[in-house]
Amino acid sequence: IIVGADTFRVWGFRAADDLIRNANLPVLGMGEGGFKLFGELDLNLADFQTSRGEATSVRPVKQSIFWDGFQPPLVDGVHECFVKSKHISIQLEDATDTVLPIATADGRDRHSLLIVEKPHYFFWGFDGTPDQMTKTGRELLCWACYYTVAAKQNPDRAFMSLDEVQRRRKADND
């Protein structure tokens, strides 16, 4: 399920919230609409402080398995995703047992624009529209959809660190 940034007025209506909650499907929540829904679903990531502003790029959290296999190269340590976009970032000091940062706002290490919560909720902090996305941003959104579905299918791997996955690969090959 993909929840658009412009859907924030819908959430808080019990029937709509319950429909998503009871579907037991992976959810990618975008911008303000996604954040509002996640709050209505009582997800932990909605409990953290937020920051709003404009952002166009993300800086990957190096230990996030999310980046394993993502092809576009970094430019100066970031992926440029939008030519223009408002955003909402979640201020997270460190990963918790259920909430893991995937990417931060460039220059703001504790402000996560991409963040995931167990079992299969992905927050995409941008409000920008598809016509404001770069080629890398479009690829990143597709990758986020893939990861969100994979989190439901293989939750153990989806929430491992990159080091844990590499250790398992090495052990499997030995």
Side-chain angles (χ1 to χ4, degrees), residues 1-8 10-11 20 25-38 43 45 48 50-92 95 99-155 157-166 169:
I1 298 172
I2 298 176
V3 175
D6 59 349
T7 63
F8 58 91
V10 174
W11 312 117
I20 301 294
L25 293 171
V27 178
L28 187 140
M30 304 175 89
E32 291 289 345
F35 186 74
K36 174 90 187 272
L37 170 64
F38 290 166
L43 296 185
L45 64 84
F48 296 100
T50 59
S51 178
R52 288 165 175 78
E54 290 196 10
T56 59
S57 62
V58 294
R59 181 171 303 279
V61 172
K62 288 182 172 61
Q63 279 301 308
S64 173
I65 191 60
F66 175 84
W67 300 105
D68 188 32
F70 185 67
Q71 297 301 314
L74 292 168
V75 177
D76 295 326
V78 300
H79 287 296
E80 200 63 42
C81 302
F82 287 87
V83 292
K84 180 180 180 179
S85 178
K86 290 185 177 181
H87 83 279
I88 178 172
S89 62
I90 297 173
Q91 296 176 30
L92 182 66
V99 178
L100 303 169
I102 291 174
T104 60
D106 189 27
R108 301 186 80 190
D109 289 343
R110 302 288 186 226
H111 293 255
S112 296
L113 288 170
L114 306 180
I115 193 165
V116 66
E117 181 167 340
K118 290 179 181 178
H120 41 72
Y121 297 97
F122 190 106
F123 179 67
W124 173 275
F126 293 106
D127 278 350
T129 60
D131 61 319
Q132 295 171 315
M133 294 176 97
T134 65
K135 180 179 184 287
T136 298
R138 287 188 296 277
E139 290 179 35
L140 185 60
L141 180 57
C142 291
W143 194 252
C145 291
Y146 168 79
Y147 175 90
T148 305
V149 171
K152 174 144 175 111
Q153 294 175 338
N154 190 353
R157 186 179 193 284
F159 292 95
M160 286 181 178
S161 71
L162 191 55
D163 284 346
E164 289 174 297
V165 170
Q166 290 171 343
R169 281 184 191 153

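Quantities reported herein were computed from a predicted structural model and do not represent experimental measurements.
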Hey, does [Y] have a side-chain heavy atom less than 4.5 Å from the side chain of [X]?
X: Ile90; Y: Val99; result: no
X: Phe38; Y: Val27; result: yes
X: Lys62; Y: Trp67; result: no
X: Phe159; Y: Val116; result: yes
X: Phe66; Y: Leu140; result: yes
X: Val75; Y: Thr136; result: no

Query raised in the report: What's the verdict on side-chain contact (heavy atoms from CB on, under 4.5 Å) for Arg59 and Thr104, showing C-alpha distance, side-chain angles and the deciding distance?
Result: CA-CA 5 Å; Arg59 181 171 303 279; Thr104 60; 3.7 Å; yes

Return yes if some donor-acceptor pair links the side-chain N/O of [X] with the main-chain N/O of [Y] below 3.5 Å, else return no.
X: His120; Y: Thr148; value: no
X: Gln153; Y: Ala151; value: no
X: Ser64; Y: Ile102; value: no
X: Arg157; Y: Val165; value: no
X: Thr134; Y: Cys81; value: yes

For the residue pair [X] and [Y], what are the closest heavy atoms and their distance?
X: Pro101; Y: Leu92; value: CD-CD2, 3.6 Å
X: Ser57; Y: Leu113; value: O-CD1, 3.7 Å
X: Phe82; Y: Thr129; value: CE2-O, 3.8 Å
X: Asp127; Y: Ser85; value: N-OG, 3.5 Å

Query raised in the report: Charged N to carboxylate O below 4.0 Å: is that the case for Lys86 and Glu32?
Result: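 Salt bridge between Lys86 and Glu32, a charged N being under 4.0 Å from a carboxylate O: no.
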
Nearest 0.5 Å, what's the [atom1]-[atom2] distance between [X] and [Y]?
X: Ile65; Y: Gln166; atom1: CD1; atom2: CD; answer: 7.5 Å
X: Leu114; Y: Leu141; atom1: CG; atom2: CG; answer: 10.0 Å
X: Ser89; Y: Phe48; atom1: OG; atom2: CZ; answer: 13.0 Å

Query - Enclosure of Lys152 NZ (heavy-atom neighbours >12, cutoff 6.0 Å) - result: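 Atom NZ in Lys152 is crowded, with more than 12 foreign heavy atoms closer than 6.0 Å.
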
Query raised in the report: Given the side-chain rings of His79 and Trp143, with only the six-membered ring counted for Trp, is the space between their centroids under 6.0 Å?
Result: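 No.
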
